[in-house]
Asks: 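Mind having a look at this structure? Questions to follow.
So you know, we letter chains A, B, ... as the sequences are listed, proteins then strands, and number each from 1.
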Amino acid sequence: MTSPATPPPATGVRTRFCPSPTGMVHVGLLRTALFNWAHARHTGGTFVFRIEDTDAARDSEDSYRHLLDCLRWLGLDWDEGPEVGGPHGPYRQSERSDVYREVAAELLAAGHAYESFSTNEEVDARRRAAGQDPKLGYDNADRSLTDAQKAAFRDEGRQPVLRLRMPDADLVWTDLVRGEVRFAAGSVPDFVLVRGNGAPLYPFVNPVDDALMGITDVLRGEDLLPSTPRQLALYAALTDIGVAQGTPRFGHLPYVTGEGNKKLSKRDPQSNADVYRERGFLPEGFANYLALLGWAIADDRDVFSVAEMVEAFDVTRVSANPARFDLRKAEAINATHLRALPAEEFLAQVRPFLAGAGLVADPPTEEQDRVLRAIAPLAQERMIVLSDAVGLLGFLFTDEVEIDPAAAAKQLAGDDAAEVLDAATAALTGLTDWSTAAVEEALRTALVDGLGRKPRQAFGPVRVAVSGRTVSPPLYESIELLGRERTLARLAAARAHGG
RNA sequence: GCCCCCAUCGUCUAGCGGUCCAGGACGCCGCCCUUUCAAGGCGGUAGCACGGGUUCGAACCCCGUUGGGGGCACCA
């Protein structure tokens, strides 16, 4: 009944992303969205976004909005779905109850599904009585109940669940990323489509929606792989009753794991996509890194744009092994994208972070804008994420710097530091031309020539005094932008600080 | 317990039977540059889990072992 052949869909690829709006957005989830989107875009197909909000207890409107926001941030636009519409709506399962009810009734009428009255306890007892492991699950015992038997159960007040009659054949498919996968006939029990209370279950509604929305390629997490044989059987039944046009192709994406080799759990703070966005990962940088989790664009390159990914993406080239989320590499990739940003773009991206920290007005004042434009190119190449700008540039936008205690301990303590600060103060006090070149000249003359110090010893204390940190944008430029008054005040403050 | 997936440097990967005494990237370690830290440049470190086959030839194919992961709900 199932064929291992997987011809590409003749009607054009249709992929989907169908999260349930419960809690935070997981990086693994975004990776799945990215791959589905890229596959659709690469093939000139359609990307459908559907919300699986059938669990009223856990779903939330906030989470729903957040999901849309995350996709948009990453740059994943959908052709059909919430707020966009499309010919197969509604795209929220909570609005599709009638559809499921109808399909369930048709499946029952056609004999593909049947009413089952056994309780878990009864199934367990039967398994044990037969000397079998209860973990084998449901035993298909209710497949051929007579009308009289069903009536008797109903008289007891039992509400039947609806189960799908599994075929007596191996369930096989050619996975887009794993090749042929086979489950032996009889290894999957008849599963529940609709609960006793009439609520349709995920293993039922998901394929029904995919079928109705014409999904041709299903790319999803590896955790769903064991449920695929059930879906194959369901698809066969749905096709038989005319609800589905056939069975989609499946591709099971490898896990994204955290420390150790466990799949990244929702508990793991690293798994929350928000933290990357809040730290100022660029959408392009983050997408680039996510793409690397299981896919490679070439054997000698791993930095690329989203457009380049779309151009080159091929699902069948996705790796089958789990990928560890490596923050350091993610940062390195992002830093590369950050440095490659055109000046204007970089400025536009950084401003909200500085404004958010209260360092500049929103929009910045003319003076703030002047300073920002001057320093931005120098800061750009020493940042990993946008929020780094707050610590790196903060000293330029405040009257008094807060000196990092560790930096102070390292550079401001002792007589040597005092000597340097005094000499720097003297040199700069008399400076008439407050320019980068003049500042450099004055400091070099006073500290390197005058005190006979090595540059690294000479400028360390000055840097900490001026910027509050051991890491800062280039010193002379910083001093020019800071201006005479603030510079001298900070040198004096640092002198006092060192004691 | 049953079923399924996975197996190349510490990490992510390239490799789709010979061109691989295995290439790239992150990390790490040196050196250069240098005004600290970065960035950049150069160099280095480190890997085909194991055992059987198949083949003239295996990281690549097959089988097994071991190891890791996942799934077995009237959750999604």
Asks: For rC60(B), give its Watson-Crick or G-U wobble partner with both distances under 3.5 Å, or none.
Replies: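 Pairing partner: none.
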Asks: Can you tell me which nucleotide in rG15(B), rC74(B), rC4(B) comes closest to the side chain of N120(A)?
Replies: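 Of all the options, the side chain of N120(A) is nearest to rC74(B).
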Asks: Look up atom CG in L482(A) and atom OG1 in T487(A), then write down how far apart they are to the nearest 0.5 Å.
Replies: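 The OG1 atom of T487(A) is 4.0 Å from CG of L482(A), to the nearest 0.5 Å.
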Asks: Mind checking who rC72(B) pairs with, Watson-Crick or G-U wobble, both distances under 3.5 Å?
Replies: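 The base-pairing partner of rC72(B), which may sit in any strand shown, is rG1(B).
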Asks: Whole angstroms only, please: what is the CZ-C1' distance between R456(A) and rC33(B)?
Replies: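 These atoms are roughly 13 Å apart.
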Asks: S20(A) has a side chain; which of rC4(B), rA76(B), rC74(B) sits nearest to it?
Replies: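 That would be rA76(B).
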Asks: Which nucleotide sits closest to the side chain of D300(A): rG70(B), rG24(B), rG40(B)?
Replies: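 Out of rG70(B), rG24(B), rG40(B), the nucleotide with an atom closest to D300(A)'s side chain is rG24(B).
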Asks: On a plain distance test, is the side chain of R463(A) in donor-acceptor contact with the base of rU35(B) below 3.5 Å?
Replies: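 Between rU35(B) and R463(A), which were checked side chain against base, a qualifying N/O pair under 3.5 Å is present.
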Asks: Is the base of rU13(B) touched by the side chain of R301(A) through a donor-acceptor pair closer than 3.5 angstrom?
Replies: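 Looking at the base of rU13(B), it does not pair with any donor or acceptor on the side chain of R301(A) (distance under 3.5 Å).
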Asks: Considering only side-chain heavy atoms of K262(A), which listed nucleotide, rU35(B), rG69(B), rC26(B), is closest?
Replies: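 Of the options given, the side chain of K262(A) lies nearest rG69(B).
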Asks: Which whole-number value in Å describes the distance from L293(A) CG to rA25(B) C1'?
Replies: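 So the CG-C1' distance, L293(A) to rA25(B), works out to 13 Å.
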Asks: Could you give the OH-to-P distance, from Y255(A) to rG69(B), as a whole number of Å?
Replies: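 Rounding to the nearest Å, OH of Y255(A) and P of rG69(B) are 11 Å apart.
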Asks: Provide, to the nearest angstrom, the distance between the CG atom belonging to D326(A) and the P atom belonging to rC26(B).
Replies: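 Going from CG in D326(A) over to P in rC26(B) covers 11 Å.
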Asks: Would you indicate which nucleotide in rG70(B), rC12(B), rU13(B) comes nearest to any side-chain atom of A296(A)?
Replies: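 Comparing rG70(B), rC12(B), rU13(B) against the side chain of A296(A), the answer is rU13(B).
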Asks: Which base, if any, makes a Watson-Crick or G-U wobble pair with rG67(B), both distances under 3.5 Å?
Replies: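 Pairing partner, where one exists within any strand: rC6(B).
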Asks: Whether the side chain of R382(A) and the base of rC37(B) hold a donor-acceptor pair under 3.5 Å is what I'd like checked.
Replies: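 Such a pair exists between side chain and base.
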Asks: Would you mind reading off the distance between R96(A) atom CZ and rA76(B) atom C1', rounded to a whole angstrom?
Replies: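 From R96(A) CZ to rA76(B) C1': 17 Å.
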Asks: Within the structure, does a side-chain N or O atom of K263(A) lie under 4.0 Å from either OP1 or OP2 of rG70(B)?
Replies: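 For rG70(B), neither OP1 nor OP2 has a side-chain N or O of K263(A) closer than 4.0 Å.
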Asks: Given rC5(B), rA76(B), rA38(B), identify the nucleotide with an atom nearest to the side chain of E381(A).
Replies: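 Nearest to the side-chain atoms of E381(A), counting from C-beta on, is rA38(B).
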Asks: Might you point out which heavy atoms bring A330(A) and F281(A) nearest each other, and give the distance in Å?
Replies: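 Closest approach of A330(A) to F281(A), heavy atoms only: O-CE2, 3.5 Å.
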Asks: Would you mind reading off the distance between R220(A) atom CZ and rG71(B) atom P, rounded to a whole angstrom?
Replies: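 Nearest whole value for this atom pair: 13 Å.
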Asks: Does this structure show an ion pair linking E180(A) with R182(A), if we count only N-O contacts that are shorter than 4.0 Å?
Replies: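 Salt bridge flag = yes for R182(A) with E180(A).
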Asks: Below 4.0 angstrom, N of the basic side chain to O of the carboxylate: do R58(A) and D55(A) qualify?
Replies: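 Salt bridge present between R58(A) and D55(A).
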Asks: At under 4.0 Å, does any side-chain N or O of R328(A) touch on OP1 or OP2 of rC28(B)?
Replies: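 Indeed, a polar side-chain atom of R328(A) lies that close.
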Asks: Could you check which of rA14(B), rC75(B), rC4(B) has an atom nearest any side-chain atom of D55(A)?
Replies: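 Shortest atom-to-atom distance from the side chain points to rC75(B).
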Asks: In this structure, how many angstroms lie between the P atom of rC72(B) and the CG atom of L225(A), rounded?
Replies: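 Distance check: L225(A) CG to rC72(B) P gives 12 Å.
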Asks: Where the side chain of R195(A) is defined as all heavy atoms beyond and including C-beta, which of rA39(B), rC74(B), rG1(B) is the nearest nucleotide?
Replies: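 Nucleotide nearest to R195(A)'s side chain: rC74(B).
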Asks: Would you say rC12(B) has OP1 or OP2 under 4.0 Å from some side-chain N or O of N321(A)?
Replies: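 False: N321(A) side-chain N/O out of range (4.0 Å or more) of rC12(B) OP1/OP2.
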Asks: Does rG30(B) have a Watson-Crick or wobble mate here (both distances under 3.5 Å), and if so which one?
Replies: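 Pairing partner, where one exists within any strand: rC42(B).
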Asks: Which atom names give the shortest non-hydrogen contact between L225(A) and R178(A), and what distance separates them?
Replies: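 Result for this residue pair: CD1-CD, 3.7 Å.
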Asks: Is there a donor-acceptor pair closer than 3.5 Å between any side-chain N or O of Q349(A) and the backbone N or O of F346(A)?
Replies: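 Not a single qualifying donor-acceptor pair exists.
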Asks: How long is the line joining CD of Q457(A) and C1' of rU36(B), in whole Å?
Replies: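 One finds 12 Å between C1' of rU36(B) and CD of Q457(A), rounded.
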Asks: Heavy atoms from C-beta onward define the side chain here; which of rA76(B), rC5(B), rC12(B) lies closest to that of R58(A)?
Replies: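 Of the candidates, rA76(B) comes closest.
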Asks: Nearest to the side chain of V161(A), which nucleotide is it out of rC5(B), rC74(B), rG71(B)?
Replies: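 Closest of the options to the side chain of V161(A): rC74(B).
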Asks: Give the minimum heavy-atom separation between L34(A) and A287(A), together with the two atoms involved.
Replies: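 What the structure gives for the nearest pair is CD2-O, 3.5 Å.
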